[in-house]
Amino acid sequence: MLRLTPGVLVSPLGDISVLGRGTPIIYINNHRVHSFAEVESLDPQFIKSVDVIDMPSAKYEADANSVIRITTIRRNDFYNVRVGGRLSRRRDWSGQAFADINLQKNKLSANLYYQFIDSRSHPKQHNHYYGADGYLINFDYLEDYTHSNTHNVRSGLEYAIAKNHVVGWQGNAYFSASNGSIDKLVSNETPNTYDFNVLSGSQGKGNDYVSTLYYNWNIDTKGQKLSATFDYTHADFDGCDTFRNAPVGASYLDYVLNSNRNNGINDVYIGKIDYTLPIGNNLTLNAGSRYSAILGNQETKISGSMDYANTYSTDERNLAGYAEAFLTLSEKWSLMAGLRAERMHRSNSENGKPKFDFTEIGLYPRVNLLFKPAPSYSIRVSYSKTVARPSFSALDPTLSIDSLSNNHGNPNLTNSFTHNISLSVNLPHSIGFSFYYNRIIKPIMQEIQSGSENPNILEGRWYNGNPTNSFFASTYANLNPTSWWFLYVEAAYSQRCYTFESEGITIINDKPQLTGMVVNTFSLPKQWRISLNFQVSSTHSSGTVVNKDSYMIYAQVNKKLLNNALDITLSFNDILGTNAAKQQSLLRGERYTYFYSDIRGVTLSASYKFGKSKKFFRSRTVGDEERGRLERQN
């Protein structure tokens, strides 16, 4: 579905991005999704439209750089059951299974969804460290084994009180548990350090609960609408990392066992109301408000070669309001103008003592001017201001240590702001051109460099960097060479200028990036569909590192059976094994990393559905911009 949408890029692993605008916020029937698995569960037969909004209006959150809005066809009096699973083989086997039940009778509808995921990964990594004189200082070899189990449960009820009044509830629960181990061999060429082995392990478990109440009222036939939503999330995590570092040939029992335990609890409360008022045939007004409260408590205990204990709490409250107007100036010209205002207050404390108290009021204007000289042509000029808030893990001053790195957050981080200007042109035959310019004020960055005392240990720190300018230009074409061959071609040029200080020297990292993608989809007789795709990326800048060039070929075969009730897909990712990520650091000498990104493999998935009618799973979740910031680095 999304792979065939102009301007949307879907990686072989399911990561979604909008050309030049990064990861989008996704809505299904005006409700924000919590997990991409909800999008995957949609039946393409009942998708009415997919709208890609690369310059969202003031209605959407201030940190929304792009939005994908999916609208579905609704049916009455039905029941539907879908079951399925997926089996993947990369460096290890992974699998998942799901069951989805939907029911609607008269005014009441209900759904229940369960998914189990067993995930295993086994990446390898080579690191080479060079001194300022270009000579090899040391190198290491790393193997990382991770195994996790996840249970996802979603259920909901919706009741139509009257013809234009709907009230509903959606509840989601996510349970996960993981364990892993790292085996690392380090070899040094300098006399002040020595060859040693690293043996480490990790265990973690997390529980997330999401509950949403919503009410929608279509006030009249002229288009007046009122909607209200209340959203509550509770999330907790408990994890522990252990490690020993020992010289090659020595017994691990002779060296201290280090333990780093982290746990935390976060609660999010969100209330939201939106109102739409059409005025005549040429003007529509939207207005609304939103309030969120985020309460977090984290605790860290370190023992072994050092003893360290820390508790850190965060309290953030955000009040937002917006107003916008959509005006049709003539048959060819239309204008959208809106303003969003937000007041954010953030405070935190460390070991029970206040540490940071910050209040910020922001205004976020958004303007779109559209010119359509003919039905198949359009030219649009847009401006918007967006905000990026630091993740809570970046704010947490707690020291995080393991066998490979020493990191801690920075509670003095402030929000960063981006001014976005765009020009887009759409031509007949689904051909388009886009240009974006972004200026980021106080970008949130992390420096990761070799340790000052031991170059084998990496040190990381968060900070607000110097202003960053970026440019993006792209062209794409959706073509149908034949009735059974769909061809999507995209090429893009981007450049971002990073400026930072390292050991008193100003470094500018501005190497541009060229990317390309070709997607071939062949619809063959007897319900066969084959896709053969290629993507490439050149060497380019990213923060304090340079990413090396890479390319990848991947393919997919799909077959529908039993009157489309049975759907089987076989996918081949990174067929030639060429998509290994390579980075070179610009800090403290040169650090060259070669990382096998664990993409090469094969995936077999199948689903079967039956019932009186066919139905999709509907998401009822909002407010994930806060939830995404709750994740911790463990």
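These numbers were taken from a predicted model, which means no experiment stands behind them. Just so it is clear, the values below take in all heavy atoms, side chains as well, and ignore hydrogens, waters and symmetry mates.
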Can you name the salt bridge (Lys or Arg N to Asp or Glu O under 4.0 Å) partners of [X], sequence neighbours left out?
{"X": "Lys205", "answer": "none"}
{"X": "Glu324", "answer": "none"}
{"X": "Arg343", "answer": "none"}

Listed by chain and number, what are the side chain to side chain donor-acceptor pair (under 3.5 Å) partners of [X], not counting sequence neighbours?
{"X": "Ser88", "answer": "Thr603"}
{"X": "Tyr291", "answer": "Arg317"}
{"X": "Tyr269", "answer": "none"}

What's the separation between atom [atom1] in [X] and atom [atom2] in [Y], rounded to the nearest 0.5 Å?
{"X": "Asp567", "Y": "Tyr608", "atom1": "CG", "atom2": "OH", "answer": "13.0 Å"}
{"X": "Gln446", "Y": "Tyr463", "atom1": "CD", "atom2": "OH", "answer": "10.0 Å"}
{"X": "Thr414", "Y": "Ile441", "atom1": "OG1", "atom2": "CD1", "answer": "11.0 Å"}
{"X": "Asn368", "Y": "Tyr383", "atom1": "CG", "atom2": "OH", "answer": "12.5 Å"}
{"X": "Ser292", "Y": "Ile270", "atom1": "OG", "atom2": "CD1", "answer": "5.5 Å"}
{"X": "His345", "Y": "Asn318", "atom1": "NE2", "atom2": "CG", "answer": "12.0 Å"}

Exercise for review: Just do the side chain to side chain contact (heavy atoms under 4.5 Å, CB included) check on Tyr364 and Phe417 with the steps written out, would you?
Suggested key: CA-CA 10 Å; Tyr364 305 96; Phe417 303 94; 3.4 Å; yes
**Study point:** Test log, rule side-chain hydrogen bond (donor to acceptor under 3.5 Å, both in side chains), inputs Asp267 and Tyr232
**Key:** CA-CA 7 Å; Asp267 293 286; Tyr232 168 71; 2.8 Å; yes
Mind listing the closest non-hydrogen atom pair of [X] and [Y] along with its distance?
{"X": "Ser382", "Y": "Met55", "value": "CB-CG, 3.6 Å"}
{"X": "Ser109", "Y": "Gln104", "value": "CB-OE1, 3.7 Å"}
{"X": "Phe243", "Y": "Ser200", "value": "CB-CB, 3.4 Å"}
{"X": "Ala341", "Y": "Leu363", "value": "CB-CD2, 3.6 Å"}
{"X": "Leu339", "Y": "Ala58", "value": "N-CB, 3.8 Å"}
{"X": "Pro397", "Y": "Tyr308", "value": "O-OH, 4.4 Å"}

Please name all residues satisfying side-chain contact (heavy atoms from CB on, under 4.5 Å) with [X], sequence neighbours left out, ordered by chain then number.
{"X": "Ile53", "answer": "Pro56, Tyr60, Val67, Arg69"}
{"X": "Thr386", "answer": "Asn65, Arg366, Ser384, Thr418, Asn420"}
{"X": "Ser202", "answer": "Asp241"}
{"X": "Tyr275", "answer": "Ile219, Gln224, Leu226, Leu277"}

Can you find a side-chain donor-acceptor pair between [X] and [Y] that sits under 3.5 Å?
{"X": "His147", "Y": "Asn179", "answer": "no"}
{"X": "Asn258", "Y": "Asn260", "answer": "no"}
{"X": "Asn348", "Y": "Tyr312", "answer": "yes"}

[X] versus [Y]: any side-chain heavy-atom pair under 4.5 Å?
{"X": "Ile70", "Y": "Ile26", "result": "yes"}
{"X": "Asp238", "Y": "Arg261", "result": "yes"}
{"X": "Arg120", "Y": "Ser94", "result": "yes"}
{"X": "Ile294", "Y": "Phe392", "result": "yes"}
{"X": "Gln170", "Y": "Val210", "result": "no"}
{"X": "Tyr114", "Y": "His151", "result": "yes"}
{"X": "Tyr215", "Y": "His165", "result": "yes"}
{"X": "Phe230", "Y": "Ser211", "result": "no"}

Practice item. Could you check Ser66 against Asp54 for side-chain hydrogen bond (donor to acceptor under 3.5 Å, both in side chains), going step by step and ending with a plain yes or no? Key: CA-CA 4 Å; Ser66 60; Asp54 57 356; over 6 Å; no
Exercise for review: Verify side chain to side chain contact (heavy atoms under 4.5 Å, CB included) between Tyr214 and Ser227, making sure each step is shown before the conclusion.
Suggested key: CA-CA 7 Å; Tyr214 59 92; Ser227 64; over 6 Å; no
Review point. Given Arg346 and Asn415, is the side chain to side chain contact (heavy atoms under 4.5 Å, CB included) satisfied, shown in steps?
Key: CA-CA 11 Å; Arg346 180 191 300 142; Asn415 297 336; 3.2 Å; yes
Exercise for review: Scan Asn266, Thr314, Thr311 and name whichever one has a side-chain contact (heavy atoms from CB on, under 4.5 Å) with Gln298.
Suggested key: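 It is Asn266; the other options fail the test.
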Point to revise | Atom NZ of Lys301 with >12 non-hydrogen neighbours under 6.0 angstrom | key: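 Not buried by this count: 12 neighbours or fewer within 6.0 Å.
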Review point. Can you list every salt bridge (Lys or Arg N to Asp or Glu O under 4.0 Å) pair that touches residues 352-362, not counting sequence neighbours?
Key: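 Passing the test, one end in residues 352-362: Glu350-Lys355.
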Exercise for review: Take Tyr322 and Asp274 through the test side-chain hydrogen bond (donor to acceptor under 3.5 Å, both in side chains) and record every step on the way to the result.
Suggested key: CA-CA 9 Å; Tyr322 75 91; Asp274 296 287; 2.7 Å; yes
Point to revise | Pair Glu342 + Arg389, salt bridge at N-O below 4.0 Å | key: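 Result for this pair is yes, salt bridge flagged.
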Practice item. Check the pair Asp236 / Asn263 against side chain to side chain contact (heavy atoms under 4.5 Å, CB included), numbers first and verdict last. Key: CA-CA 7 Å; Asp236 63 77; Asn263 58 69; over 6 Å; no
Check your understanding: How would you list, by chain and number, every residue that makes a ring-ring contact (aromatic ring centres under 6.0 Å, His included) with Phe98, sequence neighbours excluded?
Key ->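 For Phe98 the ring-ring contact (aromatic ring centres under 6.0 Å, His included) partners, ignoring immediate neighbours, are Tyr113.
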